[in-house]
Asker: 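Okay, handing you the structure first.
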There are 2 protein chains.
Amino acid sequence: MDDHTTEADFEHLLRGADLRVTRPRLAVLRAVRRHPHADTGSVLVAVRLEEPAVSHQAVYDVLGVLAESGLVRRIQPAGSVARYELRVGDNHHHAVCRSCGEVADVDCAVGVRPCLDASDTHGFVIDEAEVTYWGTCPACSTDRTRSQSSTTEGTR
Amino acid sequence: MDDHTTEADFEHLLRGADLRVTRPRLAVLRAVRRHPHADTGSVLVAVRLEEPAVSHQAVYDVLGVLAESGLVRRIQPAGSVARYELRVGDNHHHAVCRSCGEVADVDCAVGVRPCLDASDTHGFVIDEAEVTYWGTCPACSTDRTRSQSSTTEGTR
DNA sequence: CCAGCAATCTTGACTCGTTCAAGAAAAGCG
DNA sequence: CGCTTTTCTTGAACGAGTCAAGATTGCTGG
């Protein structure tokens, strides 16, 4: 639950990115640290636990600039809203549950930069390869086994 | 521009998937064939060129069932709306332009099923690995070179 | 070839994540 | 300690996608 990144660390991160240090920004960073892969709404709720006066727009703005500055990473699996995480810099990937949307970190087996070498990129200048693993999370796997009958399951 | 898939082929595809053959569905299939990676709005416009009376809801429904049945593939890069393509069955990937959203097909260099072997999936049962290459398309690369001064460039 | 059922489509309202805009607040500089 | 610029608040708006109810239409069996 708790983490070792100190308040001062966050302050350094912000200053290092030429961003002003504000209460909303620190609160957002703390929220994202506590809730990896949280969507904007969850971040907003978490932020307001410590800073009740922060507007939803501020959270959108903050997450936006933090993502642009590379302090947080924004992920957005198909069919899901935007989610955020603090873990940046290491090219890791994500497993997404098709039924509940749960996200888990996955270190690429191949090592750093998985299959960044695409054969023919049609002239595109590629700077990043993102891998998303689709499947079923442990919780949903169990549910499925139990209520085997459920018809409408696969996609949607 | 034109394609070799005949009307009869589409009919077979639909019947094979236990789907009724309707004018809207055939029109959607033709539209997706003509416009690979088109979003729903573009598909709607294309459909109405031949079937003016088709509702937007019908297009959503049709694209939905076609995707569920595996007759079309739905892709949705972060920050983009849903896009569709006919090319299914071969595990190919996509290059997405960060500046204009253009999408191009990319055959994975590693062969079939790229890095589907994730090291630790935290108990997730993975059934698919999706790779998205992020970069700049040829057109946008050229633009960038020309107007080198542009400051706000990177993301967004 | 036609009746009947179920799947599909039309119409129109509505949700929800996200963005836009304008003015108030506060961070950091000199 | 003011000033300038960034950041935040407030409140409205946008747009992709969804929901719901009733009208149509595809397909099956007689």
Side-chain angles (χ1 to χ4, degrees), chain A residues 7 10-29 31 37-45 47-48 50-69 71 74-84 101 151-152 155-156, chain B residues 7 10-29 31 37-45 47-48 50-69 71 74-84 101 151-152 155-156:
Chain A
E7 199 70 11
F10 283 151
E11 213 183 301
H12 283 142
L13 281 175
L14 288 171
R15 292 195 196 284
D18 270 311
L19 295 175
R20 290 186 180 175
V21 178
T22 67
R23 296 173 70 72
R25 284 178 178 170
L26 291 174
V28 166
L29 283 169
H37 309 133
D39 57 52
T40 312
S42 307
V43 171
L44 178 58
V45 169
V47 162
R48 284 185 171 159
E50 16 185 278
E51 299 284 345
V54 172
S55 66
H56 80 126
Q57 184 59 258
V59 171
Y60 273 101
D61 284 351
V62 170
L63 287 172
V65 298
L66 293 183
E68 268 182 52
S69 309
L71 299 193
R74 169 192 278 138
I75 60 178
Q76 188 171 3
S80 169
V81 297
R83 292 164 175 273
Y84 297 86
T151 45
T152 32
T155 323
R156 200 284 153 66
Chain B
E7 199 70 10
F10 284 152
E11 213 181 301
H12 283 142
L13 282 176
L14 288 171
R15 293 194 196 283
D18 271 310
L19 295 175
R20 290 186 179 175
V21 179
T22 68
R23 296 173 70 71
R25 284 178 177 170
L26 290 174
V28 165
L29 284 169
H37 310 133
D39 57 53
T40 312
S42 307
V43 172
L44 179 58
V45 169
V47 163
R48 284 184 171 160
E50 17 185 275
E51 299 284 345
V54 173
S55 66
H56 79 127
Q57 184 60 259
V59 172
Y60 274 102
D61 283 351
V62 170
L63 287 172
V65 298
L66 292 183
E68 269 183 50
S69 309
L71 299 194
R74 169 192 278 138
I75 61 178
Q76 189 171 3
S80 169
V81 296
R83 292 163 174 273
Y84 298 85
T151 44
T152 31
T155 321
R156 209 255 161 78

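Within every chain, numbering begins at 1; the chains are lettered A, B, ... in the order of the sequence lines, protein sequences first and strands thereafter. This is a predicted model, so every value here is computed, not measured.
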Asker: What integer distance in Å separates Arg74(B):CZ from dA16(D):P?
Answerer: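 Nearest whole value for this atom pair: 15 Å.
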Asker: Suppose we screen for side chain to side chain contact (heavy atoms under 4.5 Å, CB included). Which residues come up paired with Thr40(A), at least two apart in sequence or across chains?
Answerer: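 Result, side chain to side chain contact (heavy atoms under 4.5 Å, CB included) vs Thr40(A): Val59(A), Tyr60(A), Leu63(A), Tyr84(A).
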Asker: What I'd like to find out is whether the side chain of Leu66(A) reaches to under 4.5 Å of the side chain of Leu13(A), using heavy atoms alone.
Answerer: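 No, every pair of side-chain atoms sits at 4.5 Å or beyond.
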Asker: Look for any protein N or O under 3.5 Å of an N or O in nucleotides 22-24 of chain D and output each such pair with its distance, or none.
Answerer:
none

Asker: Got a sec, which residues hit side chain to side chain contact (heavy atoms under 4.5 Å, CB included) with His12(A), two or more places apart in sequence or on another chain?
Answerer: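 His12(A): no side chain to side chain contact (heavy atoms under 4.5 Å, CB included) contacts found.
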Asker: Describe the nucleic acid contact of Val65(B) in one word from base, sugar-phosphate, nothing, applying a heavy-atom distance below 4.0 Å.
Answerer: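 Nothing, no heavy atom under 4.0 Å.
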Asker: With heavy-atom distances below 4.5 Å as the criterion, would you say the side chains of Leu26(A) and Leu14(A) are in contact?
Answerer: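 They are in contact (side-chain heavy atoms under 4.5 Å apart), so the answer is yes.
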Asker: Calculate the interatomic distance between Leu14(B) atom CG and dT8(C) atom P; express it in whole Å.
Answerer: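 After rounding, the gap between these two atoms is 10 Å.
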Asker: Could you pull out all residues at least two apart from Arg15(B) that satisfy side chain to side chain donor-acceptor pair (under 3.5 Å)?
Answerer: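 With sequence neighbours excluded, Arg15(B) shows a side chain to side chain donor-acceptor pair (under 3.5 Å) to Glu11(B), given in chain and number order.
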Asker: Listed by chain and number, what are the side chain to side chain contact (heavy atoms under 4.5 Å, CB included) partners of Ile75(B), not counting sequence neighbours?
Answerer: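 Applying side chain to side chain contact (heavy atoms under 4.5 Å, CB included) to Ile75(B) gives His37(B), Arg73(B), Arg83(B), Glu85(B), His94(B), Val103(B).
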Asker: Give the rounded distance in Å between these two atoms: CG of Asp61(A) and C1' of dT10(D).
Answerer: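 It works out to 13 Å between those atoms.
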Asker: Which nucleotide, dC8(D), dC9(C), dT19(C), lies nearest any side-chain atom of Ala58(B)?
Answerer: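 Closest of the options to the side chain of Ala58(B): dC9(C).
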Asker: Can you name the side chain to side chain donor-acceptor pair (under 3.5 Å) partners of Arg25(A), sequence neighbours left out?
Answerer: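 Arg25(A): no side chain to side chain donor-acceptor pair (under 3.5 Å) contacts found.
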Asker: Could you say whether Asp18(A) or His56(A) is positioned toward the 5' end of DNA chain D, judged by the nucleotide with the nearest heavy atom to each?
Answerer: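 It is Asp18(A), whose closest nucleotide lies nearer the 5' terminus.
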Asker: What one-letter contact string describes nucleotides 22-30 of chain C from 5' to 3', where B marks a base within less than 4.0 Å of any protein heavy atom, S marks contact via sugar-phosphate atoms alone, and - marks no contact?
Answerer: ----BBS--
Asker: Just the rounded figure in Å: distance from C1' of dT19(C) to CG of Leu44(A).
Answerer: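 Whole-Å distance recorded here is 15 Å.
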Asker: Please compare Ala53(B) and Ser80(A) by the position of their nearest nucleotide in DNA chain C and report the one closer to 5'.
Answerer: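 The residue mapped nearer the 5' terminus is Ala53(B).
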Asker: Rounded off to whole Å, could you give me the CG-to-P distance for the Leu66(A) and dT7(D) pair?
Answerer: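 To the nearest whole Å, that distance equals 10 Å.
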Asker: Please identify each residue that fulfils side chain to side chain donor-acceptor pair (under 3.5 Å) with Glu51(B), with sequence neighbours left out.
Answerer: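 Side chain to side chain donor-acceptor pair (under 3.5 Å) check on Glu51(B) returns Arg23(B).
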Asker: For Ser42(B), check side chain to side chain donor-acceptor pair (under 3.5 Å) against everything at least two apart and list the hits.
Answerer: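 Once residues adjacent in sequence are excluded, the partners of Ser42(B) under the side chain to side chain donor-acceptor pair (under 3.5 Å) criterion are Asp39(B).
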Asker: Considering only dT18(D), dC8(D), dT19(C), which nucleotide approaches the side chain of Tyr60(B) most closely?
Answerer: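 Side chain of Tyr60(B) sits closest to dT18(D).
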